[in-house]
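Reviewing the structure listed below.
All values derive from a computational prediction rather than experimental measurement.
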Amino acid sequence: MTLTVKPGEHLQGVFDAARPGDTIRLEAGEYRAKTTISTPDLTVLGAGADRTRVIWDDYAKKLDGRGVEYNTFRTWTLAVCADGVTMRDLSIVNDALRPEAKGQEVALTVYGDRFAMERCRLVSTQDTLFLGPLPADLIQRYDGFLPDALRRDKPCAQRFTDCLIEGTVDFIFGCGEAVFDHCEIRSLRDARGTGYAAAPAHAQAQTEGFLFRGCRFTAAEGVAPGSVYLARPWRDYGLCVFENCEYGPHICPLGFDKWNDTHRDQTARFYEGPPVAGRVPWARPLPLMPGQG
């Protein structure tokens, strides 16, 4: 069944009423709503990333009705908490802005397996896109604070194709096994001066992490040359692969940061190919495939 939604209609009500296998078509316009998808195998279609926008403005330091800070993991505009969800041709935006004062501001949380997103735009500042699951220590820590749907220990594979993802600090983060295929990863200006594109937190046992394949790393006006790192490990064994990517002058020649005063340079798994001169010595070359070399 195809369900058509217009701006002003109750978007959460439509998501709740949908059945597995349904298609939800969002007409052009702005949907200011904080929503959750809990039904598996849905397809959500917009009228184009520049025409259909789902927007909200929660942030980590905001207080809820009990006077408790939202924390990063409750700030999402849209949370996908079901497997097999596909989204195309829309934007998901957190427009809280000023993360240096307000803290993290998630646009999209994906806590599902077999997630696919095509020709979409994700817009925020710090922590734009969270790819579940959470690190094991946070699953335990947030028991009773986050809903169970946001703290399950489960494999989550995600794919993003021809998408534009914008942010400032750690704006692609989590433990998901995600492929970014020919996406544009755009850094925005941050008042703190230094940016980080990815912040992986994969467990040591995970052999798949974040794969950026044929992506373009670009920057908005005002982002200083050499001020953005490709990645820093949010947990010890964070795993990122950068394959045949293009980098603008905003990317720091070192490429990667070890995360403050940690020793994660000894454990992080960051691969890049073809290799780039001047990278940190703990960045690893991509293994040669059969027929190469």
Side-chain angles (χ1 to χ4, degrees), residues 99 122 124-131 135 160 163-204 206-289 292-293:
L122 303 176
S124 187
T125 54
Q126 184 168 346
D127 290 11
T128 303
L129 171 62
F130 172 66
L131 299 164
F160 297 81
C163 292
L164 170 60
I165 305 170
E166 298 184 337
T168 58
V169 172
D170 304 333
F171 61 97
I172 299 171
F173 72 114
C175 301
E177 299 179 352
V179 176
F180 299 88
D181 204 345
H182 293 84
C183 293
E184 181 178 354
I185 313 299
R186 180 184 293 171
S187 291
L188 306 180
R189 183 179 179 277
D190 189 278
R192 294 162 290 189
T194 302
Y196 307 88
H202 303 95
Q204 185 177 12
Q206 288 181 267
T207 58
E208 304 290 335
F210 298 166
L211 168 59
F212 296 90
R213 183 166 54 205
C215 292
R216 294 182 299 126
F217 287 77
T218 65
E221 184 176 355
V223 178
S227 65
V228 176
Y229 292 86
L230 291 172
R232 61 176 179 168
W234 180 30
R235 291 293 187 273
D236 289 351
Y237 295 95
L239 172 56
C240 271
V241 177
F242 299 83
E243 180 181 329
N244 294 319
C245 293
E246 299 177 15
Y247 309 118
H250 65 297
I251 296 298
C252 177
L254 292 173
F256 307 104
D257 178 82
K258 68 175 184 176
W259 194 286
N260 301 329
D261 58 353
T262 68
H263 298 287
R264 293 178 187 162
D265 53 323
Q266 300 174 22
T267 53
R269 296 170 291 172
F270 291 166
Y271 296 86
E272 188 175 27
V276 176
R279 292 293 194 242
V280 293
W282 44 277
R284 311 180 189 186
L286 279 177
L288 288 176
M289 301 299 290
Q292 294 181 324

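Looking only at side-chain heavy atoms (C-beta outward), Phe256 and Pro233 stay at 4.5 Å or farther from each other. Using a 4.5 Å heavy-atom threshold, the side chains of Ile172 and Ile185 count as touching. Considering only heavy atoms from C-beta on, Glu272 comes within 4.5 Å of Leu230 through its side chain. Side chains of Ser187 and Thr168 form no contact here, defined as non-hydrogen atoms less than 4.5 Å apart. Residues Leu131 and Phe160 meet the side-chain proximity criterion, which asks for heavy atoms closer than 4.5 Å. Between Arg284 and Arg269, some side-chain heavy-atom pair lies under the 4.5 Å cut-off.
Taking the six-membered ring where the residue is Trp, Trp282 and Phe270 present tilted rings, their angle falling between 30° and 60°.
Remark: His250 NE2 to Phe217 CZ distance equals 8.0 Å, nearest 0.5 Å. How far CG of Leu129 is from SG of Cys163: 9.5 Å, rounded to the nearest 0.5 Å. We find the CZ-OG distance between Arg192 and Ser227 to be 12.5 Å, quoted to the nearest 0.5 Å. Rounding to the nearest 0.5 Å gives a distance of 4.5 Å between OH of Tyr196 and CZ of Arg232. Taken to the nearest 0.5 Å, the OG1 atom of Thr262 stands 7.5 Å off from the CG atom of Asp236. Separation of atoms CD (Glu243) and CG (Leu211) is listed at 6.0 Å; rounding is to 0.5 Å.
The side chain to side chain donor-acceptor pair (under 3.5 Å) test applied to Gln206 returns Glu177, not counting sequence neighbours. Here Arg213 pairs with Asp181 under the salt bridge (charged side-chain N to carboxylate O under 4.0 Å, His left out) rule; sequence neighbours left out.
For the pairing with Tyr229, the side chain to side chain contact (heavy atoms under 4.5 Å, CB included) check across Asp257, Asp170, Val169, Ile251 returns one residue only, Asp257. Among the candidates Phe173, Tyr237, Phe210, the single residue satisfying the ring pair (Phe, Tyr, Trp, His ring centres under 6.0 Å) test with His202 is Phe210.
Of all heavy-atom pairs between Gly226 and Cys252, the closest is O-CB, 3.4 Å. Contact record, Phe130 with Gly174: CE1-CA, 3.7 Å, taken as the closest heavy-atom pair. When every heavy atom of Ala199 is checked against every heavy atom of Trp259, the shortest pair comes out as CB-CZ3, 4.1 Å.
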Check against side chain to side chain contact (heavy atoms under 4.5 Å, CB included), Leu188 and Phe171: CA-CA 10 Å; Leu188 306 180; Phe171 61 97; over 6 Å; no
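Between Arg216 and Glu246, no side-chain nitrogen of the basic residue sits less than 4.0 Å from a carboxylate oxygen of the acidic one, so the salt-bridge criterion is not met.
A cation-pi geometry, defined here as NZ or CZ lying under 6.0 Å from the six-membered ring centre and within 45° of its normal, does not hold between Arg279 and Phe242.
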